[in-house]
Amino acid sequence: MDSQLQSVYDAVLRRNPGEAEFHQAVREVFESLEPVLRRKPEYVEAAVLERICEPERQIVFRVPWVDDDGHVRINRGFRVEFNSALGPFKGGLRFHPSVYLGIVKFLGFEQIFKNSLTGMPIGGGKGGSDFDPRGKSDGEIMRFCQSFMTELYRHIGEYTDVPAGDIGVGGREIGYLFGQYKRITNRYESGVLTGKGLTWGGSLVRTEATGYGTVMFADRMLATKSQGLEGRRVTVSGSGNVAIFAIAKAQQLGADVIAFSDSSGYVVDEAGIDLDLLRQVKEIERGRVADYVDRRPGARLVKDGSIWDVPTDVALPCATQNELDETQAKRLVANGVVAIAEGANMPTTPQAVALLQDAGVLFAPGKAANAGGVATSALEMQQNASRDSWTFDHTEERLLQIMTGIHDQCLATADEYGTPGNYVAGANIAGFTKVADAMIALGVI
Ligand code: NAP
């Protein structure tokens with residue numbers, strides 16, 4: 001990092017103490033920006049770096065709710081409205097016990113550049129709560145969501161801030177959140193949330209979009225080397241929304257997906273994942289990976305160690321941040337991995353990314369590879385605004401166009417800035433310059 005970038009980064013560390021994930025996300029972007037500042041000194045003069053690291057607005061609130069035993073419980077809610085230079089704040093809500101301001105800020109910061117890469121008119125934001133949905137009854141989930149929205153509703157709107165799902169927030173939670181928003185505001189404002197159910201304003205392909213898009217991106221990367229996914233061994237971490245539809249698309253493209261995981265361990269199924277069984281266990285029964293192994297002869301559960309120990313050609317980290325470290329990256333390289341696409345946000349540590357790139361592995365950062373989810377959310381907003389709904393095939397075709405466009409934009413930008421084949425630099429620079437130009441055009445605000 002040059003001295004200008006370093007001094008802004010030092011200020012970020014001082015102003016946001018204890019927020020390690022946010023620091024990591026800022027550093028990761030800054031490390032790509034040196035050639036940009038050389039070419040565009042106006043960014044420094046307009047203090048774009050300082051401004052882009054400071055959220056436009058941060059909301060932290062109490063979320064009181066009553067559990068099934070009648071006890072009052074208190075969680076903390078967050079919404080970080082990071083940057084609206086390109087459009088209304090847009091980004092998911094995460095419900096997980098690990099959520100604190102630093103996680104929400106890292107995700108919101110990433111979201112700015114991801115949303116910019118999609119080419120859609122959306123700014124960046126993120127939110128969530130330290131609420132743990134695991135083991136809660138439907139009634140408890142509903143009461144929590146209603147309480148969360150009772151504060152959040154005053155900060156969001158189709159032209160202001162449009163939340164969606166993330167870890168722990170799927171179709172059920174979006175339903176309860178939207179119901180409470182509608183009740184409080186007396187408005188059927190479809191465009192205020194995305195990831196809605198298909199019968200009440202949702203878009204076909206939104207559920208599948210992040211996982212599908214990640215695999216589409218991996219497929220585009222392999223195509224630049226005249227390769228494909230057909231017959232490749234693929235490993236996918238996680239078994240939530242992103243992982244399940246990454247597995248589905250990889251299988252459609254002829255890959256042999258042989259491993260997946262959750263926080264209790266990983267499963268190796270050399271015969272190929274039985275997707276119907278996995279969806280039954282995870283989406284309907286809300287069970288654990290062990291429940292899959294119990295019903296699948298030949299599959300084995302590994303509780304210790306890492307899913308990245310499994311020899312694989314293509315790795316798709318789709319669980320959570322910093323789940324793939326340097327040691328695991330070394331193992332993947334030793335086992336001959338050729339491509340990695342991040343379905344999750346920042347799942348690979350910086351040291352692991354450097355090691356993989358040095359080893360010549362095709363590496364797609366999450367802000368590019370998993371942008372299909374938010375892009376399809378923007379398509380959902382388009383359909384809501386025109387009171388229309390598109391077919392699955394049409395929407396999937398749009399998703400493929402968008403993912404191909406992001407891929408090509410990353411590659412072209414990496415070339416233009418002298419780092420050919422570096423998707424990390426390409427994504428950071430392409431995402432950043434569009435936002436920076438808009439910020440300058442809009443004046444000091
Ligand atoms: P999800 O449906 O809640 O699934 C998350 C999966 O990751 C679960 O299998 C979960 O296992 C596992 N996981 C979560 N935290 C973990 C931890 N600390 N250690 C080990 N495993 C953990 O969430 P999702 O929507 O698939 O999101 C997965 C990732 O994709 C996140 O990084 C998210 O930010 C990113 N992403 C999501 C979207 C989207 O459209 N949903 C879009 C872009 C990016 P347990 O059940 O055992 O916790």
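Numbering of ligands and ligand atoms starts at 1, following listing order. Reckoned from all heavy atoms, side chains included, excluding hydrogens, waters and symmetry mates.
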message: Within the 4.0 Å heavy-atom shell around Arg134, which atoms of ligand 1 are there?
response: 47 (O), 48 (O)
- line: By salt bridge (charged side-chain N to carboxylate O under 4.0 Å, His left out), Glu396 pairs with (sequence neighbours left out) Lys249
message: Less than 6.0 angstrom from the centroid, inside 45 degrees of the normal: does Lys136 satisfy that with respect to the ring of Phe131?
response: yes
message: Looking only at the aromatic ring of each residue, does the gap between the centers of His407 and Tyr423 stay below 6.0 angstrom?
response: yes
Asn75 side chain to Val63 backbone, donor-acceptor under 3.5 Å: no
- request: Report yes or no: does Lys196 contribute a side-chain atom to a donor-acceptor pair with the main-chain N or O of Ser190 at less than 3.5 Å?
  value: yes
- prompt: So, Lys114 and Asn345: side-chain donor and acceptor under 3.5 Å apart, yes or no?
  reply: yes
task: Check each of Val236, Asn345, Val242, Ile244 against atom 24 (P) of ligand 1 and report the one with the nearest heavy atom.
output: Val242
task: Measure the distance from atom 46 (O) of ligand 1 to every protein heavy atom, then report the residue, atom name and distance (to 0.1 Å) of the closest one.
output: Arg288 NH1, 3.5 Å
- prompt: Which bit of Lys282 gets closer than 4.0 Å to ligand 1, counting heavy atoms only: side chain, backbone, both or neither?
  reply: neither
- request: Heavy-atom contacts with His96 under 4.0 Å: which atoms of ligand 1 show up? List them by number with element.
  value: 15 (N)
field: Nearest non-hydrogen protein atom, atom 39 (C) of ligand 1
entry: Thr210 OG1, 3.4 Å
- prompt: Can you list the atoms of ligand 1 that are under 4.0 Å from a heavy atom of Arg206?
  reply: 40 (O)
query: Is there side-chain contact between Gln280 and Arg295, with heavy atoms separated by less than 4.5 Å?
result: yes
field: Region of Gln321 engaging ligand 1 - heavy atom pairs below 4.0 Å
entry: neither
field: Nitrogen or oxygen of Arg94 less than 3.5 angstrom from that of ligand 1
entry: yes
task: State plainly whether the residues Asp166 and Lys126 are in salt-bridge range, i.e. N to O under 4.0 Å.
output: yes
message: If you take the centroid of each ring, where Trp contributes its six-membered ring, are Tyr188 and Trp200 closer together than 6.0 Å?
response: no
- request: Between Asp166, Thr214, Val289, flag the one that comes closest to atom 34 (O) of ligand 1 by a heavy atom.
  value: Asp166
- request: Could you name the option among Ser263, Ala319, Gly265 that has the heavy atom nearest to atom 29 (C) of ligand 1?
  value: Ala319
message: I'd like to check atom 16 (C) of ligand 1 in this structure: does the protein have a heavy atom lying under 4.0 Å from it?
response: yes
- request: Ignoring angles and geometry beyond distance, decide whether Ser239 reaches within less than 3.5 Å of ligand 1 through its nitrogen or oxygen atoms.
  value: yes
- prompt: Any idea which part of Ala209 is under 4.0 Å from ligand 1, heavy-atom wise: side chain, backbone, both or neither?
  reply: neither
- request: Report yes if the distance between the aromatic ring centroids of Tyr176 and Phe144 is under 6.0 Å, otherwise no.
  value: no
message: Enumerate the ring-ring contact (aromatic ring centres under 6.0 Å, His included) contacts for residues 275-305, please, sequence neighbours excluded, ordered by first and then second residue.
response: Phe260-Tyr292
- prompt: Heavy atoms, side chains only, cut-off 4.5 Å: are Phe95 and Cys145 in contact?
  reply: yes
- request: Any atoms of ligand 1 less than 4.0 Å from a non-hydrogen atom of Asn370? List them with their elements.
  value: 43 (C), 44 (C)
query: Does Gln111 approach ligand 1 within less than 4.0 angstrom via side chain, backbone, both or neither, non-hydrogen atoms only?
result: neither
message: Given 3.5 Å as the limit, does a donor-acceptor pair link the side chain of Asp161 with the main chain of Ile156, or not?
response: no
- request: Find all atoms of ligand 1 within a distance of less than 4.0 Å from any non-hydrogen atom belonging to Cys318, and give their numbers and elements.
  value: 28 (C), 29 (C)
query: Are Asp256 and Arg232 ion-paired here, with the side-chain N under 4.0 Å from a carboxylate O?
result: no
Nearest-contact summary for atom 3 (O) of ligand 1 - protein heavy atom, Å: Gly168 N, 3.0 Å
field: ligand 1 atoms in contact with Gly238 (distance to a heavy atom under 4.0 Å)
entry: 9 (O)
- prompt: How close does the nearest protein non-hydrogen atom get to atom 4 (O) of ligand 1, and which residue and atom is it?
  reply: Gly240 CA, 3.2 Å
task: Looking only at distances, please establish whether an N/O atom of ligand 1 is found under 3.5 Å from an N/O atom of Ser264.
output: no
query: Is the charged tip of Arg27 near the ring of Tyr9: under 6.0 Å from the six-membered ring centre and within 45° of its axis?
result: yes
field: Taking atom 27 (O) of ligand 1 as the reference point, the nearest protein heavy atom with its distance
entry: Ile167 CG1, 3.6 Å
task: Compare Leu107, Asn241, Thr376 and give the one whose heavy atom is closest to atom 41 (N) of ligand 1.
output: Asn241
query: Is any N or O atom of Lys126, backbone or side chain, closer than 3.5 Å to an N or O atom of ligand 1?
result: no
Gly343: numbered ligand 1 atoms lying under 4.0 Å from its heavy atoms: 30 (O), 35 (C), 36 (N), 44 (C)
- request: With heavy atoms under 4.0 Å as the rule, classify the contact between Glu323 and ligand 1 as side chain, backbone, both or neither.
  value: neither
message: For atom 18 (N) of ligand 1, what's the nearest protein heavy-atom neighbour? Residue, atom name and distance, please.
response: Thr320 CG2, 3.8 Å
task: Could you check if a side-chain atom of Met439 sits within less than 4.5 angstrom of a side-chain atom of Arg51, using non-hydrogen atoms only?
output: yes
